[in-house]
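The structure appears below as structure tokens.
A note on names: the letters A, B, ... follow the listed sequences, proteins ahead of strands, and every chain is numbered from 1. Keep in mind it's a predicted model, so treat the numbers as computed, not measured.
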Amino acid sequence: MSQFTVEVLVTPRPGLLDPQGKAIHHALSSLGYDAVADVRVGKAIYLEVAAASPDDAVERAEEMCRKLLANPVTEDFHVTAAAADRALP
Amino acid sequence: MNVAIITFPGSNCDQDCHRSVELAGGSPRYVWHRETSLGGAEAVIVPGGFAHGDYLRPGAIARFSPIMDAVADFARAGGLIVGICNGFQVLCEAGLLPGALLRNESLCFQSHHCRMRVERSDTAFTAGYREGQVLGIPLSHADGNYFADPDTLAALEAERRVVFRYCDARGDASPDANPNGSLNNIAGIVNARGNVLGMMPHPDRAIEAVLGSVDGLPLFESLIGALARAEVA
């Protein structure tokens with residue numbers, strides 16, 4: 001078993017109203033950033049996980065997403081793993 | 001008529017629900033979320049508040065509290081359950097009601113009286129109201145924007161499972177009367193079997209004249225009345 005740092009990105013489902021993204025988009029537009037076509041806001045969750053391999057760490061984290069970390073009705077998730085000595089932020 | 005009021009760390013309407021049940025003639029009892037039994041309760045209320053700080057998502061952590069297995073079993077056995085505000089969010093996260101409560105469209109915490117229309121008076125929770133009756137009830141939430149996928153929403157409407165809808169003074173469920181962006185102005189729904197109700201507005205804060213409205217009290221009286229009828233039957 002090795003330690004892995006797993007990054008879980010939880011994002012609102014495409015097409016779902018994202019009022020936070022809308023508010024930030026509005027603020028960016030008023031700052032003159034006209035190039036921004038859309039803004040979506042999600043959350044990043046970092047887990048320190050003991051696992052046999054990066055794939056194993058990802059698999060464990062995906063199970064956690066299905067159970068707890070993401071709401072399947074409204075959110076998607078994306079999981080990546082790095083060895084703990086190359087820690088994500 | 002023993003009614004369990006589930007209390008999580010961060011629940012803050014448990015006492016309002018306790019008083020509501022008392023005024024309606026029932027016997028309320030607090031059940032701490034670490035317990036694993038409902039102790040013979042005949043109905044369950046999941047009250048409002050910010051269970052477990054609303055961390056991650058409202059209700060996401062509360063649904064794994066030890067007592068929730070007993071609540072799910074109670075629902076499956078046909079027991080009557082009311083989730084109010086945060087309690088509605090908990091029941092959705094637990095899969096006992098469909099859909100989810102998203103951040104309010106305005107991004108603002110909404111805390112004011114709203115009007116809602118009674119869509120059905122033939123449930124265990126609404127027998128004390130008239131169909132079409134317009135109630136004045138407070139609401140108080142940041143995440144009350146009801147969402148469900150199109151198929152689920154269509155099923156809710158086809159099966160008449162929307163029990164309360166935000167409306168204006170004339171009873172019209174207009175966009176202007178929608179405080180949070182909920183699909184179809186949905187304020188409260190029941191499960192397919194009709195024994196689990198979830199609603200965002202607070203009937204527990206409208207039970208005595210001093211609170212500015214008594215429109216919430218019939219909900220608790222309906223619940224106690226349904227229990228009394230079940231006992232006689």
Side-chain angles (χ1 to χ4, degrees), chain A residues 4-31 33 36-49 57-81 88-89, chain B residues 51-65 68-69 72 86 88-110 141-153 155-156 175 178-186 189 191 198:
Chain A
F4 295 92
T5 300
V6 175
E7 182 185 66
V8 177
L9 293 179
V10 181
T11 48
R13 281 267 166 89
L16 201 77
L17 180 78
D18 175 13
Q20 290 187 83
K22 251 169 89 178
I24 292 169
H25 190 195
H26 183 77
L28 287 171
S29 298
S30 49
L31 288 172
Y33 293 107
V36 179
D38 193 21
V39 179
R40 310 286 285 170
V41 179
K43 61 188 111 177
I45 302 168
Y46 296 95
L47 310 169
E48 302 296 325
V49 182
V58 166
E59 204 170 298
R60 285 165 190 245
E62 285 177 344
E63 185 188 318
M64 296 175 210
C65 286
R66 285 188 290 272
K67 265 198 188 155
L68 173 68
L69 300 178
N71 182 333
V73 178
T74 57
E75 294 171 326
D76 290 327
F77 57 84
H78 181 73
V79 178
T80 47
L88 296 159
Chain B
H52 298 279
D54 273 0
Y55 294 133
L56 195 59
R57 302 177 303 277
I61 295 173
R63 71 159 288 201
F64 291 108
S65 276
M68 288 307 292
D69 283 340
N86 191 222
F88 186 13
Q89 296 162 340
V90 172
L91 294 177
C92 285
E93 283 283 344
L96 297 176
L97 288 170
L101 284 313
L102 299 173
R103 181 57 46 93
N104 294 342
E105 201 172 24
S106 64
L107 283 177
C108 296
F109 191 99
Q110 299 287 334
H141 59 249
D143 302 87
N145 179 353
Y146 184 77
F147 171 82
D149 64 67
D151 289 349
T152 304
L153 188 66
L156 282 173
N178 188 336
N180 50 30
S182 289
L183 292 174
N184 296 10
N185 281 40
I186 288 174
I189 58 169
N191 63 344

Shortest non-hydrogen contact from [X] to [Y]?
X	Y	answer
B:E93	A:N71	OE2-ND2, 3.2 Å
A:K67	B:R63	O-NH1, 4.0 Å
B:L107	A:P19	CD1-O, 3.5 Å

request  = Measure B:N145 against the heavy atoms of chain A and call it side chain, backbone, both or neither at under 4.5 Å.
outcome  =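 Side chain of B:N145 only, per the 4.5 Å heavy-atom cut-off to chain A.
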Atom CZ of B:F64 with >12 non-hydrogen neighbours under 6.0 angstrom: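 More than 12 heavy atoms, drawn from other residues, nucleotides or ligands, come within 6.0 Å of this atom.
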Assess whether atom OH of A:Y33 is packed by more than 12 heavy atoms of other residues, nucleotides or ligands within 6.0 Å.
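No - once you tally the heavy atoms of other residues, nucleotides and ligands closer than 6.0 Å, there are 12 at most.
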Do A:L17 and B:L102 have side chains that approach each other closer than 4.5 Å (heavy atoms only, starting at C-beta)?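 Side chain of A:L17 against side chain of B:L102, heavy atoms only: no contact under 4.5 Å found.
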Is there side-chain contact between A:V73 and B:T152, with at least one heavy-atom pair below 4.5 Å?
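A:V73 does not reach B:T152 side chain to side chain.
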- Query: If you count heavy-atom pairs under 4.5 Å with chain B, which of A:I45, A:D18, A:L68, A:T74 comes out on top?
  - Reply: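 Top count of heavy-atom pairs under 4.5 Å with chain B: A:L68.
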Checking A:E75 against chain B: side chain, backbone, both or neither under 4.5 Å from a heavy atom?
->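 Interface part for A:E75: side chain.
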